[in-house]
Protein chains: 2
Amino acid sequence: MEAPQNTKRTKASEPTLKRLPRYLHYLQKAQDKGILTISAPVIGKELQCDPTQVVKDLATTGVKGRPRIGYNIHELIQTIESFLGYNRANEAFLVGAGNLGMAMMSYPDFQRFGLKIVAAFDTNRDKIGRSRSGINILHMNKFQDLARRLQVRIAVLTVPHTVAQEVTDLLVASGIEAIWNLTPSQLQVPEHVIVQNTSMYANVTLLLKKLQEKDESESVQ
Amino acid sequence: MEAPQNTKRTKASEPTLKRLPRYLHYLQKAQDKGILTISAPVIGKELQCDPTQVVKDLATTGVKGRPRIGYNIHELIQTIESFLGYNRANEAFLVGAGNLGMAMMSYPDFQRFGLKIVAAFDTNRDKIGRSRSGINILHMNKFQDLARRLQVRIAVLTVPHTVAQEVTDLLVASGIEAIWNLTPSQLQVPEHVIVQNTSMYANVTLLLKKLQEKDESESVQ
DNA sequence: TAGATTGTTAATCGATTAACAATC
DNA sequence: TAGATTGTTAATCGATTAACAATC
């Protein structure tokens, strides 16, 4: 009957979702300085992006601003955090306690972004029983049982790419619903499982190609 | 006068550049199995993407296929590798030998993707003088001199985000032209400097948001 | 009131997808 | 020849950018 309070069902596009954390980071710094109100043009100037895009991005979170004045910075931060789900604590298991896995365990502040790594798994006997940043490393053969009992839905995958698919099959069989794939492998998963790929190789390719294109355009001129 | 051999100046879009390494990875596996010829529909089926998009992506590299038959797999691999610049060895300095930095030094095969990390830098006395995966860790105060003398143009940035900007200023002052930014910071750089951002926080946000949206759509039904 | 900023609607831009002709 | 696949051109889709009305 009534207008729902915070139930804007505008689903954000991927580019928007990537920009929102950047805004948030800047807004938190601004709030620390004691600023109470902020406008889209100011955000855009600081972050070097289009002010009308900032307005659009903010609108998808459902926050309301006031013409001429801007947004209440506290309300804005709250709304973005809530929209992005940062105030929940999604529990996750990390699989593969190698170099990258260890780095991810020590990575600061994931919890502030809604992700809590509650345990790590490996098959290397030397690593099992140790811990890193308060996260215990357990044997992989405990994964399935623990995932089910603790109802963990998210896995961070940092195993060697040679075993990425077989490990993935186990994750899926254990009821994992979302996989953050930090291996270069293209994972095969059932339709209901979400995969977020972060490929170092794709990123390095992009960087080098941009540099190459810059060189070419300069040599042409 | 003559038609240039390999000088298709089609500059690829970012999505295309992200897909090409995936194709390449699959093609190399297929070649190892002894396959000599491959068609876009086969690649699309295996990688679960649209075959016409595969055709378009491959066309941007300048490779020629034959109707009904497909592409010569050897020629295809060569062309993609050449197009992406994998046969060059772009030398890079890594800055920040912390957890993530160490992981990147140990990351396998960057060289196969055209990136060669030739030295690492840090300010922590305990780390300086040590090495990892054959890469020596030097004091940051040697960066500028070495970057200039070796004409290194690329930096991999894995420092704590609190010092990301000040380190970036030094990189730029040392003549670095391209920065692979693995910190969550939004770097301020002059226009001629290329930045490739790989933000763990943006990626984790995307994953959790996708999961959240899936939950919402299911609870609605 | 005047002017700046939000918020919405329209126009542009670019990438994906579809259609179809060329060709092996 | 018949049929599958490339390669190109057109249509669709979605995101960005621009335009403008509403409003503080």
Side-chain angles (χ1 to χ4, degrees), chain A residues 3 6 8-20 22-23 27 30 35-73 75-77 79-80 83 202 206 209-210 213, chain B residues 3 6 8-20 22-23 26-27 30 35-77 79-80 83 202 206 209-210 213:
Chain A
N6 209 0
K8 275 266 178 186
R9 271 294 123 75
T10 27
K11 52 183 63 120
S13 70
E14 246 189 65
T16 298
L17 287 174
K18 281 185 186 168
R19 286 188 296 264
L20 284 172
R22 292 223 314 255
Y23 301 158
L27 292 169
I35 296 169
L36 296 176
T37 298
I38 199 156
S39 73
V42 170
I43 298 173
K45 206 159 292 171
E46 186 66 26
L47 269 56
Q48 300 180 71
C49 54
D50 189 61
T52 80
Q53 184 162 71
V54 176
V55 171
K56 269 227 156 171
D57 287 340
L58 297 184
T60 62
T61 69
V63 75
K64 294 289 169 200
R66 297 197 302 178
R68 176 76 223 253
I69 288 149
Y71 306 85
N72 175 295
I73 202 164
E75 186 189 336
L76 187 50
I77 289 171
T79 308
I80 296 176
F83 181 77
L206 274 177
K209 191 67 189 171
K210 282 181 198 165
E213 277 175 1
Chain B
N6 208 2
K8 275 265 178 186
R9 271 294 124 77
T10 27
K11 53 183 63 119
S13 69
E14 244 189 68
T16 296
L17 287 173
K18 282 185 185 168
R19 285 189 296 265
L20 284 172
R22 293 224 315 257
Y23 301 157
Y26 166 69
L27 292 169
I35 295 168
L36 296 176
T37 298
I38 198 155
S39 74
V42 170
I43 297 173
K45 206 159 290 170
E46 187 65 27
L47 269 55
Q48 299 180 70
C49 54
D50 189 63
T52 79
Q53 184 162 70
V54 176
V55 171
K56 268 226 155 169
D57 287 341
L58 298 184
T60 63
T61 69
V63 75
K64 294 288 169 201
R66 298 198 302 178
R68 177 75 221 255
I69 288 149
Y71 306 84
N72 175 295
I73 203 164
H74 176 73
E75 186 189 338
L76 187 49
I77 289 172
T79 308
I80 297 177
F83 181 77
L206 274 178
K209 191 67 188 170
K210 282 182 197 164
E213 277 175 1

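Quick note on labels: first sequence line is chain A, next is B, and so on, each numbered from 1. Values reported hereafter were calculated over all heavy atoms of this structure, with side chains retained and with hydrogens, waters and symmetry mates removed.
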- Query: Does A:Thr79 reach the side chain of A:Leu58, with side-chain heavy atoms less than 4.5 Å apart?
  - Reply: no
- Query: So do A:Val63 and A:Asn72 actually touch side chain to side chain, heavy atoms under 4.5 Å?
  - Reply: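 A side-chain contact is absent here, since even the closest heavy-atom pair is not under 4.5 Å.
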Set of side chain to side chain contact (heavy atoms under 4.5 Å, CB included) partners for [X], sequence neighbours left out:
X: B:Val55; result: B:Ala40, B:Tyr71
X: B:Pro15; result: B:Ser13, B:Arg19
X: A:Lys209; result: A:Gln212, A:Glu213, B:Leu17, B:Phe83

Is there any protein nitrogen or oxygen under 3.5 Å from a nitrogen or oxygen in nucleotides 15-20 of chain D, and what are the pairs?
unit_1	atom_1	unit_2	atom_2	d
D:dT16	OP1	A:Arg19	NH1	3.0
D:dT16	OP1	A:Arg19	NH2	3.4
D:dT16	OP2	A:Arg19	NH2	3.3
D:dT16	O5'	A:Gln53	NE2	3.1

- May I have all residue pairs that pass side-chain hydrogen bond (donor to acceptor under 3.5 Å, both in side chains) and include part of residues 40-51 of chain A, sequence neighbours excluded?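 Listed by first then second residue: A:Gln48-B:Gln188, A:Asp50-A:Thr52.
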- Over 12 foreign heavy atoms within 6.0 Å of NZ, B:Lys210: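 Yes.
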- Task: First locate atom CD1 of B:Ile38, then atom CD1 of B:Ile69, and finally report the distance between them rounded to the nearest 0.5 Å.
- Result: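 The CD1 atom of B:Ile38 sits 14.5 Å away from the CD1 atom of B:Ile69.
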- Item | Straight-line distance of A:Tyr23 OH to A:Asp57 CG, nearest 0.5 Å | 3.5 Å
For nucleotides 2-6 of chain C, list the nitrogen or oxygen atoms of the protein found under 3.5 Å from its nitrogen or oxygen atoms, one pair per line.
unit_1	atom_1	unit_2	atom_2	d
C:dT5	O4'	A:Arg68	N	2.9
C:dT6	OP1	A:Ala40	N	2.9
C:dT6	O3'	A:Gly65	O	3.3

- Message: Test of understanding: with side chain to side chain donor-acceptor pair (under 3.5 Å), list the residues that count as partners of B:Thr37, not counting sequence neighbours.
- Response: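 If we apply the side chain to side chain donor-acceptor pair (under 3.5 Å) test to B:Thr37, skipping adjacent residues, there are no hits.
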- Message: In dot-bracket form, 5' to 3', how is DNA chain C paired? Count Watson-Crick and G-U wobble pairs only if both distances fall under 3.5 Å, and write | where the partner sits on another strand.
- Response: ..||||||||||||||||||||||
